[in-house]
2 protein chains.
Amino acid sequence: MRESQKEIVRSLSLFSSMMEENLDAILVGSFLQRFPASVVLFSESDPADFLYILINGQVELFANANNREGTMTLIRPIATFVLASALVGDAYQMSARTLESSQILMIPAENIRAAMRKDKNFAQKSVLELAACYHGVVRAYKSIKLRTAVERLANYLLVQHRRQGEKGVITLPVEKRILASMLGMRPENLSRAFATLKPYGVAVEGTDVRFQKLNDLQTLAKPLESIDGP
Amino acid sequence: MRESQKEIVRSLSLFSSMMEENLDAILVGSFLQRFPASVVLFSESDPADFLYILINGQVELFANANNREGTMTLIRPIATFVLASALVGDAYQMSARTLESSQILMIPAENIRAAMRKDKNFAQKSVLELAACYHGVVRAYKSIKLRTAVERLANYLLVQHRRQGEKGVITLPVEKRILASMLGMRPENLSRAFATLKPYGVAVEGTDVRFQKLNDLQTLAKPLESIDGP
DNA sequence: AAGCGTACTTGACAATTGTCAAGTACCAAA
DNA sequence: TTTGGTACTTGACAATTGTCAAGTACGCTT
């Protein structure tokens with residue numbers, strides 16, 4: 001484990017205030033690996049042997065049932081994923097695949113559990129991190145239960161617009177087929193949803209989306225802090 | 001706080017191994033209250049001042065958006081709810097109302113946060129409890145994203161059948177309009193979904209549901225351990 | 001026991017979303 | 001630059017789900 005990698009891990013709030021020796025202990029047996037795009041890292045119901053940290057690239061967490069597949073969430077650097085499964089020590093709840101070539105740090109889940117037992121501060125940080133994860137899924141769950149496909153797209157666009165600096169234009173961070181799956185619809189439906197938003201000033205140009213009537217879009221989207229954040 | 005109430009709290013795994021003095025400290029300022037049916041306990045975005053423990057009765061956690069309302073989950077005794085919000089100390093993510101007359105223990109959230117800071121064991125238990133909550137929402141999220149309404153109902157019925165002892169008949173634990181909302185559909189649609197399941201041996205008699213062709217129902221439902229449990 | 005309110009059911013219809021098929025656009029490798 | 005594969009879009013249609021309206025059933029109060 002190189003020093004620069006340790007610094008990256010430390011940049012995550014989960015590990016930020018961990019004592020040096022405990023962090024070293026966690027990283028024993030960890031390894032950094034580069035995966036090409038479209039590689040399945042693990043499948044749901046596999047035993048959760050590792051906590052993952054995405055250093056760069058992009059990862060999709062997805063699930064299958066009844067010959068259907070759906071994107072649960074996207075992971076962007078730098079972030080951990082499958083923390084809950086690693087902490088509990090049972091099976092993964094979702095499958096994961098790289099969407100691009102990605103560098104990923106894999107930490108033995110047993111190290112994480114040992115740290116939780118030994119390091120009071122880490123246990124507290126884990127509580128906060130898990131609560132944040134929980135919050136995130138609840139938001140996604142509300143969104144799909146209470147909004148139509150067009151509303152979900154409109155709110156997604158507004159969130160991206162805020163995240164990308166309110167420039168009146170955004171670049172979609174993923175392929176539209178993945179975005180469709182994330183928003184709980186088919187690619188064909190996403191195309192139509194974009195068409196529906198055209199009268200609200202939404203202009204799609206490849207992976208860029210331009211906003212010409214933000215007020216109208218917001219009126220349609222009716223964003224809520226409890227779902228879309230502050 | 002009466003001794004018998006303390007025993008009830010101790011029966012929850014979250015508090016089971018807590019030292020007596022810490023448990024006493026948590027219960028300072030707590031109070032047990034009986035609410036009639038259909039009372040809103042709190043609304044989403046209210047500051048999370050309490051951790052709730054349902055002693056008896058039944059509670060619905062729900063959310064609103066765009067003039068729509070949806071049941072997120074049901075709480076049955078004895079169980080805590082809104083642990084994540086209480087631990088983090090921000091706003092509730094969902095609203096709560098009683099479905100029946102219910103006895104509820106309310107513990108100041110600040111006590112919970114203090115315990116997490118002071119009591120290493122409690123922090124660990126909180127991690128496990130939060131992970132379980134997370135797991136639960138992920139399951140619900142998968143279910144609504146990957147299954148049709150009929151499939152969700154079929155799997156719900158099979159889960160209830162298992163929980164109620166595989167007797168070939170179950171009693172629905174909630175009104176059908178609540179069940180419909182929980183499964184992400186309208187009451188009219190739930191009626192039709194039950195009708196769709198009739199050829200699969202599902203006979204509805206008021207709040208009872210009888211199963212005459214369990215194999216056929218299972219073939220339709222295609223239950224998955226990762227969604228419906230073991 | 002009667003009456004009332006609410007839940008539930010059913011039918012007809014509308015809106016939304018999914019499926020299939022065909023064609024276009026785009027990127028990457030040869 | 002050409003070529004091939006994949007993503008994307010569009011149209012026509014099917015399936016699912018939601019809405020509205022009416023009627024039935026059920027439980028609770030009087």
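What you see is a predicted model, and the numbers here were worked out from it, not measured in a lab. Throughout, protein chains are lettered first and strands after them, A, B, ... in sequence-line order, and every chain is numbered starting at 1.
Taking the six-membered ring wherever Trp is involved, the centroid distance between the rings of A/Tyr134 and A/Tyr141 does not fall below 6.0 Å.
Within 6.0 Å of atom CZ in B/Phe81, more than 12 heavy atoms from other residues, nucleotides or ligands are found, so the atom counts as buried in its surroundings. Enclosure of atom CZ in B/Arg210 is not indicated, since only 12 or fewer non-hydrogen atoms of other residues, nucleotides or ligands lie within 6.0 angstrom. More than 12 heavy atoms of other residues, nucleotides or ligands lie within 6.0 Å of CZ in A/Arg68, so this atom counts as buried by the packing criterion. In the displayed structure, A/Arg163 atom CZ is contacted under 6.0 Å by at most 12 heavy atoms of other residues, nucleotides or ligands. Counting non-hydrogen atoms of other residues, nucleotides and ligands closer than 6.0 Å to CZ of B/Phe211 gives a total above 12.
The separation between A/Asn66 atom CG and D/dT16 atom P is 13 Å, rounded to whole Å. When rounded to the nearest whole Å, the span between CD of A/Glu188 and C1' of C/dT16 equals 14 Å.
Residues B/Lys213 and B/Thr219 have side chains not in contact (no heavy-atom distance under 4.5 Å, counting atoms from C-beta outward). Here the side chains of B/Leu214 and B/Leu158 are in contact, with some heavy-atom distance below 4.5 Å. Considering only heavy atoms from C-beta on, B/Ile75 stays 4.5 Å or farther from B/Thr80 through its side chain. For the pair A/Met72/B/Lys145, a side-chain contact is recorded, criterion being any heavy-atom separation below 4.5 Å from C-beta on. Residues B/Ile78 and B/Asn56 are not in side-chain contact: their nearest non-hydrogen atoms beyond the backbone lie 4.5 Å or more apart.
Of the possible polar contacts, one joining the A/Asn155 side chain to the A/Glu151 backbone as a donor-acceptor pair under 3.5 Å is found.
Axis angle between the ends of the helix from C/dA1-D/dT30 to C/dA30-D/dT1, five pairs each and rounded to 10 degrees, works out to 40°.
Interface residues of residues 189-211 of chain B facing DNA chain D, ordered by number: B/Asn189, B/Arg192; criterion, heavy-atom separation under 4.0 Å. Taking every heavy atom of residues 142-153 of chain B and every atom of DNA chain D, pairs under 4.0 Å involve B/Thr148, B/Ala149, by number. Near DNA chain D, defined here as any heavy-atom distance below 4.0 Å, the residues from residues 169-187 of chain A are A/Glu175, A/Lys176, A/Arg177, listed numerically.
One side chain, A/Gln58 or A/Glu100, offers a donor N or O that lies under 3.5 Å from an acceptor on the other. Using modelled atom types and a 3.5 Å distance limit, the side chains of A/Ser102 and A/Arg34 yield no donor-acceptor pair.
Annotation: ring-ring contact (aromatic ring centres under 6.0 Å, His included) contacts of B/Tyr92 (sequence neighbours excluded): B/Phe42.
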Expected rows: protein N/O vs nucleotides 25-30 of chain C N/O, under 3.5 Å:
none

